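Note that the numbering runs from 1 along the sequence shown for the chain. Here the structure is a predicted model, which is why all the values come from computation and not from measurement. Just so it is clear, the values below take in all heavy atoms, side chains as well, and ignore hydrogens, waters and symmetry mates.
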Amino acid sequence: MKVYSMNAKELLKKYGKPENFINRDLSWIEFNRRVLQEALNPDLPLLEKVKFVSIFSSNLDEFYMIRVSGIKEQIAANVLEPSIDGLTPREQLQKIEKCLQPLLKQLYDLWTNDIVPSLRENNIILHEYDEFSKDEKKILTEYFKKEIFPVLTPLAFDPGRPFPYISNLSLSIAVLIRKPNGENHFARVKVPNILPRLLQIDNILDPNRKKISNGGFKARFVWLGDLIKENIHLLFPGMEIIETHKFRITRDTDIELQEDEADDLLSVIEENIRQRRFGSVVRLEVAAKMPDFMLETLMENLQITKDDVHQVDGPLGLSDVIILYKLPVHHLKEKPFYPVIPKELTEEEDLFSIIRQRDVLLHHPFHSFTPVVDFIKKAAEDPDVLAIKQTLYRVGTDSPIVKALIEAADRGKQVAVLVELKARFDEENNIYWARELEKVGVHVVYGLVGLKTHAKMTLIVRKEFDGVKRYVHLSTGNYNVVTAKLYTDIGLFTCDEEICSDVSDVFNYLTGYSQQKEFRKLFVSPLNTREKILKLIAREIANKKSGKSAHIIMKMNSLVDPPVIAALYEASNAGVNVDLIIRGVCSLIPGVKGLSENIRVRSIVGRFLEHSRIFYFKNDGNEEVYLSSADMMQRNLDRRIEITFPVEDKKLKDEIINNILTVYLKDNVKARELHSDGSYHFVKSQDGAARINSQEWLMNYVTKVISPVKKAIRKQ
């Protein structure tokens with residue numbers, strides 16, 4: 001077999017010019033712009049718009065906590081070296097703020113002038129406090145005294161009392177008070193996060209209210225911060241309240257771990273969680289009318305500059321509006337979709353017997369995640385199962401999978417689990433589950449020093465009539481029953497001997513000591529994934545140059561790895577057609593003559609979060625398809641344990657090519673194309689072409705509904 005190769009250094013020497021790369025953080029802002037576009041979509045049901053407003057805001061919070069904080073650390077350390085796109089840290093920060101300002105204005109214009117009035121038209125009323133009658137205000141004040149006042153703690157700031165600690169993403173009220181002697185003082189009151197930011201007040205104002213007789217729905221809300229502001233004088237008896245203004249801070253939460261100095265990784269992670277609370281402030285959001293003296297007080301004590309301040313004309317922390325999405329108003333949401341279980345798994349036949357006969361593919365959330373949970377439960381209960389090994393990255397708060405692993409250990413099975421404690425923002429949850437697993441004797445590994453384990457694998461070892469047999473489940477996504485309903489991911493059940501052997505070797509690498517560099521069928525980061533991907537791209541180039549058919553399709557969340565991008569440029573210049581489906585960040589510039597004229601990049605942002613990673617290589621008709629836990633990013637290729645695995649069953653391979661990748665490439669409703677200037681634009685439909693929403697098509701397809709969309713794709 002001919003070996004194809006590409007030298008990463010030579011590729012970067014040829015293509016590694018700054019003008020050949022889009023800055024990853026500016027590309028991320030373009031992704032969040034696409035999220036905001038969903039909220040702006042006039043055809044979207046109202047509460048779906050609210051959901052995307054919340055997602056946009058939550059995304060932005062995390063962007064500041066992780067990415068912007070990192071850039072500011074570089075600036076503080078006087079790092080002058082530019083990133084591969086040619087921008088220094090200071091230039092990046094300036095461009096980030098410049099790009100974000102119009103988006104924030106668009107967000108608040110949408111919220112204030114469109115969504116809030118539309119909510120009111122649909123009997124979901126977000127009250128301004130002045131709207132309440134005198135009697136209603138009296139009732140709300142009594143409620144405040146009984147239910148909210150006891151929770152609040154006013155914190156003064158004066159020579160005897162230092163400036164109070166302010167937690168990350170917490171909403172606060174800055175208060176200027178005047179003492180009877182005429183002295184002015186500053187105080188801060190935290191809006192408690194244990195209470196809902198939007199307080200539903202129907203039952204408070206009318207405890208005896210009855211359901212609307214016409215069968216309609218009505219819900220009234222007040223912002224908790226507004227209720228506290230209006231009654232804040234009760235916290236400062238005998239004082240005059242001069243001014244009150246809300247503010248919110250964002251802290252650096254990306255605290256670096258000193259893993260190499262750790263004797264106990266779990267205790268280090270716990271300490272890291274505690275330290276995260278005290279990360280430096282990277283953003284201060286304030287009400288637009290906050291006076292300069294109050295703003296200067298905050299800036300001085302939070303140790304920030306004017307550049308770190310966002311003045312907001314609207315509610316602070318719009319991520320909290322997701323509470324409205326939980327209202328039982330179904331006509332204001334998308335029609336519910338219920339994932340299906342593939343027909344082959346609904347038969348009475350034993351699950352292990354089915355996998356023994358053929359590989360099984362699940363495409364979530366279109367396919368139910370239940371078979372994955374059942375796979376672990378069945379293994380826990382089956383007396384013939386000898387051992388279970390699994391990696392857990394983000395499992396959620398009430399995981400049936402972890403409960404099944406605990407049951408398996410209780411039944412005396414060998415259970416080994418790698419719980420990745422460094423899964424950002426899931427550390428506390430993962431520590432809890434790690435300890436629960438350890439209590440019942442599960443062999444728990446916390447992760448490897450210097451590496452995150454991001455691979456998604458389950459290995460079942462079973463004693464059968466013809467000897468010991470291994471079964472595996474591999475996936476592009478987490479073992480999380482909640483996100484499996486919201487994210488698109490693909491999982492594979494197989495008992496292929498070579499894949500199972502590879503998975504066993506990876507687990508031995510995770511739990512023991514191993515210098516293994518090569519595997520039979522899996523690509524494993526950080527050992528060889530980039531090298532293997534570059535070889536597959538090189539083979540397509542060689543095929544094209546030899547007059548053979550060549551085509552590359554890659555679907556992933558992010559594409560920022562310079563060698564992989566350079567290799568795709570090389571493929572384009574060799575005449576290979578390259579189709580990229582990148583949900584989020586893409587540093588590759590498509591459509592540039594002499595560089596990337598044969599590369600097309602599209603992003604799909606829709607009802608579900610696109611999360612699956614699929615790599616397709618035409619290989620002169622001998623098509624190869626790989627699924628992966630890894631994006632093409634340096635962190636995934638160099639600093640994480642990741643697996644990329646082949647789909648070899650022809651039926652399943654055709655399913656991925658024809659009914660997943662092809663459908664995504666036909667999408668002309670939710671797809672946006674990346675232009676060479678870094679902007680994204682909706683795909684233009686050809687005259688007379690059917691409207692194809694890939695996610696809707698897939699919902700119809702799995703339920704075997706032969707829709708006009710499906711027929712249209714077949715004709716094209």
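Inspection of the N122 and S118 side chains reveals no N or O donor paired with an N or O acceptor under 3.5 Å. There is no side-chain donor-acceptor pair under 3.5 Å between S133 and K138. Donor-acceptor pairing under 3.5 Å is recorded for the side chains of Q200 and D202. No side-chain donor-acceptor contact under 3.5 Å links K333 and H331. Remark: the E420 side chain and the Y446 side chain contain no N/O donor-acceptor pair separated by less than 3.5 Å.
Under the 6.0 Å distance and 45° angle rule, R188 does not count as a cation-pi partner of F157. Geometric assessment of K229 against the ring of Y129 yields a negative cation-pi assignment under the 6.0 Å and 45° thresholds.
Taking a 6.0 Å sphere around CG of D410, one finds it holds more than 12 heavy atoms contributed by other residues, nucleotides or ligands. In the displayed structure, K72 atom NZ is contacted under 6.0 Å by more than 12 heavy atoms of other residues, nucleotides or ligands.
Between F236 and V175 the shortest side-chain heavy-atom distance falls below 4.5 Å. Between L302 and F163 the shortest side-chain heavy-atom distance falls below 4.5 Å. Side-chain contact check for T153 versus K190: every heavy-atom pair is 4.5 Å or farther apart.
Using the six-membered ring where Trp is involved, Y479 and F369 have ring planes that are tilted, between 30° and 60° apart. Aromatic ring pairs are classed by plane angle as parallel below 30°, tilted from 30° to 60° and perpendicular above 60°; the pair H611 and Y487 is tilted. In this pair, H127 and F132 present their aromatic rings tilted. The plane angle is within the 30 to 60° band.
Between the side chain of E334 and the main chain of E48, no donor-acceptor pair closer than 3.5 Å is present. Under a 3.5 Å cut-off, the side chain of S54 and the backbone N or O of S319 do form a donor-acceptor pair. D226 contributes no side-chain N or O that, together with a main-chain N or O of W223, makes up a donor-acceptor pair within less than 3.5 Å. Without hydrogens or angle criteria, R583 side chain to E610 main chain gives a donor-acceptor distance under 3.5 Å. Side-chain atoms of N478 do not come within 3.5 Å of backbone N or O of N480 as any donor-acceptor pair. A distance-only check finds a donor-acceptor pair linking the side chain of S170 to the backbone of S167 [under 3.5 Å]. Between the side chain of R34 and the backbone N or O of G584 there is at least one donor-acceptor pair closer than 3.5 Å.
Shown here for N168 and R251, the closest heavy-atom pair between the two residues is OD1-N, 2.7 Å. Y108 and P315 make their closest contact through OH-O, 2.7 Å (heavy atoms, listed as atom of the first residue, atom of the second, distance). Heavy atoms only, all atoms of each residue included: L26 and I96 are closest at CD2-N, 4.0 Å. Nearest heavy atom pair, residue L316 against residue A287, reads CD1-N, 4.4 Å. In this structure, D252 and S69 approach most closely via the heavy-atom pair OD1-OG, 3.3 Å. Between I166 and S172, the closest heavy-atom pair is CG2-OG, 4.0 Å.
Centroid-to-centroid, the aromatic rings of H310 and Y64 come within less than 6.0 Å.
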For this session: Begin from the C-alpha positions of L107 and F56 and carry the test side chain to side chain contact (heavy atoms under 4.5 Å, CB included) through to its verdict.
Result: CA-CA 9 Å; L107 172 71; F56 174 92; 3.8 Å; yes
